[in-house]
Student: 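Have a look at this one.
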Protein chains: 2
Amino acid sequence: MSSSNILKNISVDCVVFGYERNALRVLLRQEFINYRGRIYEEWKLPGNHVLREETTDETAVRILREQSGIAEDVYLKQLSVFSDVNRLKLRDRDYKWKKEQGVGDNRVVTVAYYSLVNISDIDASHLYNVARWHKVSEVKELIYDHKDILDTALMQLREDLLNKPILFELLPELFTLTELQTLYEIILDTSFDKRNFRRKISNMKYLIPSGKRQENVSHKPAMLYLFDRKIYEKTKQDRFDFSV
Amino acid sequence: MSSSNILKNISVDCVVFGYERNALRVLLRQEFINYRGRIYEEWKLPGNHVLREETTDETAVRILREQSGIAEDVYLKQLSVFSDVNRLKLRDRDYKWKKEQGVGDNRVVTVAYYSLVNISDIDASHLYNVARWHKVSEVKELIYDHKDILDTALMQLREDLLNKPILFELLPELFTLTELQTLYEIILDTSFDKRNFRRKISNMKYLIPSGKRQENVSHKPAMLYLFDRKIYEKTKQDRFDFSV
DNA sequence: CCAAAAGTGTTAGCACTACACCCATGG
DNA sequence: CCATGGGTGTAGTGCTAACACTTTTGG
């Protein structure tokens, strides 16, 4: 990568959320940092510098493609800028490693994005370097300020899912109402009454029973639903409700 | 300004909203651009490059202080990054002028903030260069992509004021309920029923009658209210309501 | 027939909407 | 006494929350 091609002071980091085996997960990349004679195993968010001829949105798409094998259109939203002067220097070994990467500046402002993907859509063999899905609830420490970024993304996701039908992005095309409810409950860390949840769902005209049912389950097979984006775009309306 | 001190590729622009004489206003700075033998009068948002040793939040505060004489704590919120590759080149005369400013790079990613201030709190004599309050509804064209930034800020403001008690930031410390209602109506471009509005208000525990009343008005003097931030912080609660 | 999850209705309280008149003040 | 904006109540409607049992399938 020719350094005149990249903006040395600006990067993009992506918080890629997925949902698998009853847990919200985040895609992290592994790096090994050699510091004072010891090898540290570190995890970081997929990220990269912004190229001179690219918007930050394009950088985010490129990161997803190059580092996660995510080729299709996915939900991607700009979160926030992280610009703390010492964000790369919070731990000495991170900073030393950063300097070894050779991009040549130690002041990097990063634009964070978050993304929602359906894990089963992703060809795991395309995952760049060592990248793995981690349970969000079990992520303790990340390189630089990436744990802050992850925490911010999670807060934003919780807020967004109350106002926009985005959780479908985490599910396969066809899903059951119980799967959807469980997903809401896991991310919001709460629980809902099944009947009330379904009544609310049935007011959402863009959530459509597909006619197909689960197969090979040892209980009454559930109806599979799908999210119709076109109907949503047509019927959504701004909420006029200043409640706080 | 020594150019080694500043980040050439990163700036901050501030959309400063105020409210005066029944209109939402925005603070704009005037520049005269000499282009092909003609002087163009241009308006822009207050903005500047980020210094090497400062966060973008700090840049925004500095811009408000230096360019608007806004010294006190004001409401300030990060909006979004604008990173279009050609955002400075939308009009040739803007781009030529930018190059004359001598910061030395033509690829600038800007972090936009929006701010809410009480115009009467601001000492107008401190306004830097020529800066004036413009009716938001009458702003037609701005330099670079600043009109886009303003439009985005207005949309964000409309969304935020439905969910957070931020409009008080635009009013004097003591205000009447009619003033508050008019402010909502102007920004949202709608109208509310007076009794219903007041019922809603009376559910907001942090909105307190001060005991004082208007003076020297030729009608029944209205009660003056104040916004109690401490009570708001204590009593606010997350809304669990996925309605869309 | 057992285990497991699917699916379904009613009631009570609360919030939102629509709507019209009297009150207090300055001039 | 007039003009101006301040201030108040009620009834109907729809959303929300709480709550338990029957159904369908695989094993």
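Within every chain, numbering begins at 1; the chains are lettered A, B, ... in the order of the sequence lines, protein sequences first and strands thereafter. Predicted, not measured: the structure shown is a model, and the values here were computed from it. Side-chain atoms are counted along with the backbone in the values below, which use heavy atoms only and exclude waters and symmetry mates.
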Student: Do other residues, nucleotides or ligands put more than 12 heavy atoms under 6.0 Å from the CD atom of A/Glu215?
Tutor: no
Student: For the pair A/Thr55 (side chain) and B/Ser83 (backbone), establish whether a donor and an acceptor sit closer than 3.5 Å, ignoring hydrogens and angles.
Tutor: no
Student: Taking N and O atoms by type only, does the side chain of B/Lys194 place a donor or acceptor under 3.5 Å from a partner on the base of D/dG7?
Tutor: yes
Student: Has the side chain of B/Arg199 got a donor or acceptor atom sitting under 3.5 Å from an opposite partner on the base of D/dT10?
Tutor: yes
Student: How many whole angstroms separate atom CD of A/Gln181 from atom P of C/dG7?
Tutor: 12 Å
Student: Just compare C/dA6, C/dT17, D/dA20 and give me whichever is closest to any side-chain atom of A/Arg195.
Tutor: D/dA20
Student: Figure out the CZ/C1' separation between A/Phe192 and C/dG7, and round it to whole Å.
Tutor: 19 Å
Student: Whole angstrom is fine here: how far is it from CD1 in A/Ile201 over to P in C/dG7?
Tutor: 13 Å
Student: Measure from CG on B/Asp193 to P on D/dT13 and round the result to the nearest Å.
Tutor: 18 Å
Student: Over how many whole Å does the gap from B/Lys200 atom NZ to C/dC14 atom C1' extend?
Tutor: 13 Å
Student: How long is the line joining NZ of B/Lys220 and P of C/dA24, in whole Å?
Tutor: 5 Å
Student: Just to confirm, is there a sub-4.0 Å distance from OP1 or OP2 of C/dA5 to any side-chain nitrogen or oxygen of A/Thr178?
Tutor: no
Student: Can you tell which of A/Phe168, A/Phe227, A/Tyr225 makes a ring pair (Phe, Tyr, Trp, His ring centres under 6.0 Å) with A/Phe175?
Tutor: A/Phe168
Student: Taking atom C1' of D/dC15 as reference, at what distance in whole Å does atom CG of A/Asn203 sit?
Tutor: 9 Å
Student: Tell me which residues in residues 210-219 of chain A lie within less than 4.0 Å of DNA chain D, going by non-hydrogen atoms.
Tutor: A/Val217, A/Ser218, A/His219
Student: Hey, can you pull the donor-acceptor pairs under 3.5 Å for the side chains in residues 147-159 of chain A, sequence neighbours left out?
Tutor:
{"from": "A/Lys147", "atom 1": "NZ", "to": "A/Asp151", "atom 2": "OD1", "distance (Å)": "3.1"}
{"from": "A/Lys147", "atom 1": "NZ", "to": "A/Asp151", "atom 2": "OD2", "distance (Å)": "3.4"}
{"from": "A/Thr152", "atom 1": "OG1", "to": "A/Asp148", "atom 2": "O", "distance (Å)": "2.8"}
{"from": "A/Gln156", "atom 1": "NE2", "to": "A/Asp160", "atom 2": "OD1", "distance (Å)": "3.0"}
{"from": "A/Arg158", "atom 1": "NE", "to": "A/Ile187", "atom 2": "O", "distance (Å)": "2.8"}
{"from": "A/Arg158", "atom 1": "NH2", "to": "A/Ile187", "atom 2": "O", "distance (Å)": "3.4"}

Student: Side chain of B/Asn196 only, please: which of C/dA6, D/dC19, C/dT17 is the nearest?
Tutor: C/dT17
Student: Give a yes or no answer on whether the side chain of A/Gln67 reaches the backbone of A/Gly47 with a donor-acceptor pair at less than 3.5 Å.
Tutor: yes
Student: Run the salt bridge (charged side-chain N to carboxylate O under 4.0 Å, His left out) test against B/Glu169 and tell me which residues pass, sequence neighbours left out.
Tutor: B/Arg229
Student: Quick one: does any side-chain atom of B/His146 pair with a main-chain N or O of B/Lys44 as donor and acceptor, under 3.5 Å?
Tutor: no
Student: How many Å lie between CE on B/Met223 and C1' on D/dT8, as a whole number?
Tutor: 14 Å
